[in-house]
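Reminder, nothing fancy here: chain letters follow the sequence lines and each chain counts from 1.
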Number of protein chains: 2
Amino acid sequence: MRQPTLEEVAARAGVSKMTASRALRGARDVSAASIEKVKIAAEQLGYVGNQLALSLSSRRTNLIGVVIPSMSNIVFPEVLGGIISGLEGSGLQPVFGVSDYDLDKERDIIRNMLSWQPAALIITGLDQPEETRKLLRQSDIPVIQIMDLDGEPIDFVVGLSHTQAGREMAEAILASGRKRIGYIGSAVDRDRRAIKRRAGFEAALQDNGLTFVSVETSLDASSSRLGRDLTERLLARHPDLDCIYCSNDDMAAGSLFACMKLGRAVPDDILIAGFNGLEITSALPVRIATSTSPRRAIGEQAAQLALAAMNGNRKDLARRIELLAEITLGDAEK
Amino acid sequence: MRQPTLEEVAARAGVSKMTASRALRGARDVSAASIEKVKIAAEQLGYVGNQLALSLSSRRTNLIGVVIPSMSNIVFPEVLGGIISGLEGSGLQPVFGVSDYDLDKERDIIRNMLSWQPAALIITGLDQPEETRKLLRQSDIPVIQIMDLDGEPIDFVVGLSHTQAGREMAEAILASGRKRIGYIGSAVDRDRRAIKRRAGFEAALQDNGLTFVSVETSLDASSSRLGRDLTERLLARHPDLDCIYCSNDDMAAGSLFACMKLGRAVPDDILIAGFNGLEITSALPVRIATSTSPRRAIGEQAAQLALAAMNGNRKDLARRIELLAEITLGDAEK
DNA sequence: TTGAAAGCGCTAACAT
DNA sequence: ATGTTAGCGCTTTCAA
């Protein structure tokens with residue numbers, strides 16, 4: 001059995017398609033009697049409407065395309081949560097794609113999304129290759145890039161500087177007197193924001209005449225297990241480290257667990273630092289150092305920016321919205 | 001500047017709309033010369049295509065609607081990952097909605113999704129009220145319910161019995177000799193699968209003449225922080241517990257952290273049990289007890305079932321696919 | 001306040 | 001191998 005169409009609703013209500021359409025959309029210029037009749041008919045038939053026809057006809061959709069690099073890192077679902085909440089009540093429907101940190105895949109996803117004529121696009125990062133940027137520029141729909149800030153946005157960007165976040169963490173750690181610092185990294189070939197944090201961190205070390213004493217990295221995605229394994233390897237070679245900077249909090253949690261197993265006192269003996277301020281950092285037996293990324297706020301602001309760009313004048317809107325990461329040394333805080 | 005249409009591509013290539021359409025879709029009955037001309041024209045114009053028109057005209061979309069209850073519990077993004085992977089190469093595009101465990105919100109999301117004429121719908125749980133079920137039955141598209149197994153599916157269900165998972169964990173724990181068991185629960189008003197696990201666990205206790213010594217619950221969403229706080233409260237009142245069953249692994253991790261802070265030996269002194277088999281359980285300094293839910297497999301199988309139901313004969317497909325949770329007592333394993 | 005006509009951009013079905 | 005016609009289900013536009 002086919003879905004009933006507007007035409008059938010109209011027939012049953014004894015009015016024209018147009019009157020039925022207006023009644024269902026809550027237009028003003030319709031008599032109360034018509035509205036009543038149409039609503040009843042729609043209810044009886046179980047009318048649902050057809051967005052394909054609606055959108056094709058009206059030449060606009062209520063779709064917002066969202067592309068994130070990963071689903072298995074809780075940070076991105078949290079950003080999505082922020083986007084959903086920022087879109088609440090707007091009638092806009094987010095559509096997601098996951099790129100697996102693959103820029104070619106990202107381009108394909110974006111191309112596919114564009115064919116749905118979305119009202120706006122929210123994509124992660126600023127490092128899209130020219131081919132993708134061209135696709136987006138041609139489309140003429142507002143593009144909001146999120147999470148990063150180090151680079152040039154296509155239209156708008158909402159994020160934070162990871163280079164600076166890395167630098168600030170290094171400075172705080174150095175200020176606490178640590179000197180023999182190691183690094184553990186995940187997905188080192190593709191997590192571009194982690195690479196920026198590391199670069200910022202290293203730049204600050206260099207300013208102080210230091211470098212990482214040792215580095216352990218992997219191509220695997222970040223996980224607490226990986227953090228634990230890389231830490232064990234790192235400490236086996238360099239037991240005298242007094243700090244480990246981790247590519248993110250998943251890694252840092254694992255790093256902490258490794259230290260606990262090895263009987264290393266955190267943070268007195270060795271300081272563990274991550275990035276994101278995941279919920280778990282507030283429950284760990286020891287508070288590690290971390291920068292709390294405003295990821296939910298990024299999602300919300302991006303959603304609101306998308307709404308504003310769709311409606312108002314795009315030129316009037318701020319191109320760059322910088323949100324700050326809040327740094328803490330955890331239990332090593334003086 | 002408007003997006004170029006197929007008509008414009010055809011004109012530039014010097015062929016009809018239909019030939020252009022066929023060429024772009026890789027149809028057989030088109031000359032190599034036409035294909036070449038059309039592809040070049042499309043490339044030059046930056047043609048993207050319009051899925052709205054395509055789907056309206058062909059009366060089928062490549063959309064799969066997916067409704068999950070939460071984004072902040074990593075389990076559901078992992079299911080989405082499984083769905084995405086199961087859909088890979090099929091040309092199908094998942095569209096997500098998050099219900100916040102709210103059945104009214106879920107109904108609205110489903111209604112909205114139906115208006116996009118999806119090829120199939122994947123929704124979480126079996127506990128939809130009659131109104132939602134009616135909506136889905138009327139739509140005549142395949143509905144795959146996931147995660148649960150305790151109840152009657154609309155069309156298909158892929159999941160596991162949480163009642164049984166709870167029962168099995170209780171039996172394993174009792175077999176290990178524990179007798180004074182407490183429970184901590186999150187989102188107790190809405191996490192219906194956690195409620196089923198608890199019920200199964202309690203049923204097994206009862207079979208052995210036992211009950212929970214004490215219970216601490218909260219309306220808040222599960223988190224390691226909540227697990228830690230509830231455990232502290234529970235142990236303050238009942239320091240003699242020899243086991244705590246937690247609503248899930250996030251809670252259990254927090255519970256473990258609380259025990260570590262309190263200097264309680266896990267698992268010798270007190271056994272901590274959760275549910276899901278989250279990645280973190282493999283990195284914790286102590287292995288807790290947990291049931292590893294096959295959540296990624298559920299996503300993949302649901303996706304494949306959706307594909308099969310769209311193409312083949314729905315009647316030929318298994319209505320219920322049961323996947324098993326793998327139980328472990330962690331370091332308490334004999 | 002209501003309706004009729006036209007058309008959104010594409011494909012199915014039927015030509016040729 | 002290619003083109004023509006009709007139409008998907010709705011809204012826009014214009015007229016009444």
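- No side-chain heavy atom of Gln3(A) sits less than 4.5 Å from a side-chain heavy atom of Asn50(A).
- Here the straight-line distance linking atom CE of Met147(A) with atom CG of Leu126(A) works out to 11.5 Å at 0.5 Å rounding.
- Salt-bridge annotation for Arg137(A) and Glu130(A): present, with a side-chain N of the basic residue lying under 4.0 Å from a carboxylate O of the acidic one.
- Each of Asp150(B), Asp148(B), Asp191(B) was checked for a side-chain hydrogen bond (donor to acceptor under 3.5 Å, both in side chains) with Lys196(B), and the lone residue meeting it is Asp148(B).
- Neither OP1 nor OP2 of dT1(C) sits under 4.0 Å from any side-chain N or O of Ser31(A).
- Between the side chains of Gln51(A) and Gln93(A), no donor N or O sits under 3.5 Å from an acceptor N or O.
- Side-chain atoms of Pro69(A) and Arg193(A), non-hydrogen and from C-beta on, do get closer than 4.5 Å to each other.
- A donor-acceptor pair is defined here as one N or O able to donate and one able to accept, closer than 3.5 Å; no such pair exists between the side chain of Glu106(A) and the backbone of Gln128(A).
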| query | Base, backbone or nothing for each nucleotide of nucleotides 10-16 of chain C, written B, S, -, heavy atoms under 4.0 angstrom, 5' to 3'? | reply | BBB----

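- For DNA chain D, the outermost nucleotides in 5' to 3' order that have an atom under 4.0 Å from a heavy atom of chain A are dG9(D) to dT12(D).
- Ring geometry for Phe96(B) against Phe96(A) counts as parallel: the plane angle stays under 30°, on a 0 to 90° scale with 60° as the upper cut.
- A residue-by-residue look at Leu56(B) and Val15(A) shows that Val15(A) has its nearest nucleotide of DNA chain C further toward the 5' end.
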